[in-house]
Number of protein chains: 2
Amino acid sequence: METTSTRTDSCAAPPHPHRRPEGQDSYTISEVVAFTGLTAHTLRWYERIGLMPHIDRSHTGQRRYSNRDLDWLDLVGKLRLTGMPVADMVRYAELVREGDHTFGERFELLETTRRDVLARIAELQDTLAVLDRKISFYADAGRLYEQDKMGKTANTGNTEKVEKAG
Amino acid sequence: METTSTRTDSCAAPPHPHRRPEGQDSYTISEVVAFTGLTAHTLRWYERIGLMPHIDRSHTGQRRYSNRDLDWLDLVGKLRLTGMPVADMVRYAELVREGDHTFGERFELLETTRRDVLARIAELQDTLAVLDRKISFYADAGRLYEQDKMGKTANTGNTEKVEKAG
DNA sequence: CGCTTGCTTGGAGCGCACTCCAAGGTCATA
DNA sequence: TATGACCTTGGAGTGCGCTCCAAGCAAGCG
């Protein structure tokens, strides 16, 4: 079942420069902190709640992360960016641990997430349009306001509009 | 300062069908709940923390929201979608209350938000790429797994890859 | 009139995702 | 071998954004 293949999975992202080759891939928690930007607290917490597999330990019980663990943390990071709740990520982690018969369920979870991400992008683009409209409005209004201050116009009507717009 | 102009601000979004014309725009909290999807609790809380202007009251002290209040809630909803912290939205609301001399600061806040939104969209598109890769991988792997179950192939190497990928 | 429904308030409580603490064991370097 | 940085654990605490509660007022209806 388990192999020690030296090649990275075809599904993996582009390689990271700081990684050691397979076989010597044993990182302390502080190294993982440096790679991921997560805190050590968070890494331990992820493990406690089942979002990580049980991490290898040194002979004295200290955590030693593998390249595969870093791959998993990359994925978790991406899913976190989508706003997926941690509980859902834990669910996905459980499916992975349960083995091959959960392919279908994993597929559906990813598809649902994909749809969520697309919807989120659309929302953000919508928001962007509103923002752009307001920004150009303020650019104009600000210019008018500066003119007002310099006495070049005597117009309060234009600036009043902004209070209405917020 | 305050006008009762009957036209909507040029900066406003397309009109909403449920709105009453200016002058008769007086909505109860439960109407606003129906329009916005927010809870009455949240609407009152927004007011308490200064994210809303002080809302008009009926002679018995009940809230009466105006079209302008609804416009503001629309904007708040958009900003909320960007992930902007409530505290920052409160800051923006304060700037609006403070008057015309805060144009510049409002402009910068919106610009910063705009950049955040663009970055967020880029992140999500990056995540989408990862998701798409995994989804097509699972689509393939799932098909192979079904074939395995039906005895059409005798391959465990292909499905093993998935455990590695997660 | 009583009943229901809707609204008011200040303040307390909740769920999430961390974040930190205390007490102690381990490791690298001088 | 001693010093100090780093690691371990279970459990408690924090900040955010709501969410709810209790007690009470007001309006409409049979």
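Proteins come first, then strands; the chains are lettered A, B, ... in the order of their sequence lines, and each starts at number 1. Just so we're clear, the structure is a prediction, and the values are computed from it rather than from any experiment.
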Subject >> Sequence-distant partners of A/Thr42, side chain to side chain donor-acceptor pair (under 3.5 Å), two or more places apart >> reply: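 Result, side chain to side chain donor-acceptor pair (under 3.5 Å) vs A/Thr42: A/Thr39.
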**OP:** Just jot down the side chain to side chain donor-acceptor pair (under 3.5 Å) partners of A/Asp25, sequence neighbours excluded, or say none.
**Re:**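 Expected list: none.
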Original post:
Heavy atoms under 4.0 Å, any strand shown: does A/Arg57 hit a base, just sugar-phosphate, or nothing?
Top reply: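 Sugar-phosphate contact only - A/Arg57 comes under 4.0 Å of backbone atoms but never of a base.
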Original post:
When all nucleic acid strands are considered with a 4.0 Å heavy-atom cut-off, which category describes A/Ser58: base, sugar-phosphate, or nothing?
Top reply: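 Touches nothing.
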Original post:
Between the side chain of B/Asn67 and the main-chain N/O of B/Arg20, is any donor-acceptor distance below 3.5 Å?
Top reply: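 Flag set: sc B/Asn67 to bb B/Arg20 pair under 3.5 Å.
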Original post:
If the sugar-phosphate is the primed atoms plus P, OP1 and OP2 and the base is the rest, what is the B/S/- string for nucleotides 14-27 of chain D, using protein heavy atoms under 4.0 Å?
Top reply: ---SBBB-----SS
Can you check the [X] [atom1] to [N] [atom2] distance for me, whole Å?
X	N	atom1	atom2	result
A/Leu43	D/dT9	CG	P	12 Å
A/Ile49	D/dG10	CD1	P	14 Å
A/Ile29	C/dG25	CD1	C1'	15 Å
A/Glu31	D/dC7	CD	P	9 Å
B/Asp56	C/dT8	CG	C1'	16 Å
A/Leu81	C/dA17	CG	P	14 Å

Going by atom type alone, with no hydrogens or angles, which donor-acceptor pairs under 3.5 Å involve a side-chain atom of residues 120-128 of chain B and a protein atom two or more places apart or on another chain?
unit_1	atom_1	unit_2	atom_2	d
B/Arg120	NH1	A/Leu81	O	3.3
B/Arg120	NH1	B/Glu123	OE1	3.0
B/Arg120	NH2	A/Leu81	O	2.6
B/Asp126	OD2	A/Lys78	NZ	2.6
B/Thr127	OG1	B/Glu123	O	3.0

Subject >> Partner set under ring-ring contact (aromatic ring centres under 6.0 Å, His included) for B/Tyr27, not counting sequence neighbours >> reply: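 By the ring-ring contact (aromatic ring centres under 6.0 Å, His included) rule, B/Tyr27 matches B/Phe35.
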Original post:
For C/dG6, does OP1 or OP2 lie under 4.0 Å from any side-chain N or O of B/Thr28?
Top reply: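 Indeed not, no polar side-chain atom of B/Thr28 lies that close.
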**OP:** Ignoring backbone atoms, establish whether A/Arg63 has a side-chain N or O less than 4.0 Å from OP1 or OP2 of D/dT9.
**Re:**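 Answer is yes, contact under 4.0 Å.
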Tabulate below the donor-acceptor pairs under 3.5 Å that side-chain atoms of residues 47-56 of chain A make, not counting sequence neighbours, or state none.
unit_1	atom_1	unit_2	atom_2	d
A/Glu47	OE1	A/Arg63	NE	2.7
A/Glu47	OE2	A/Arg57	NH2	2.3

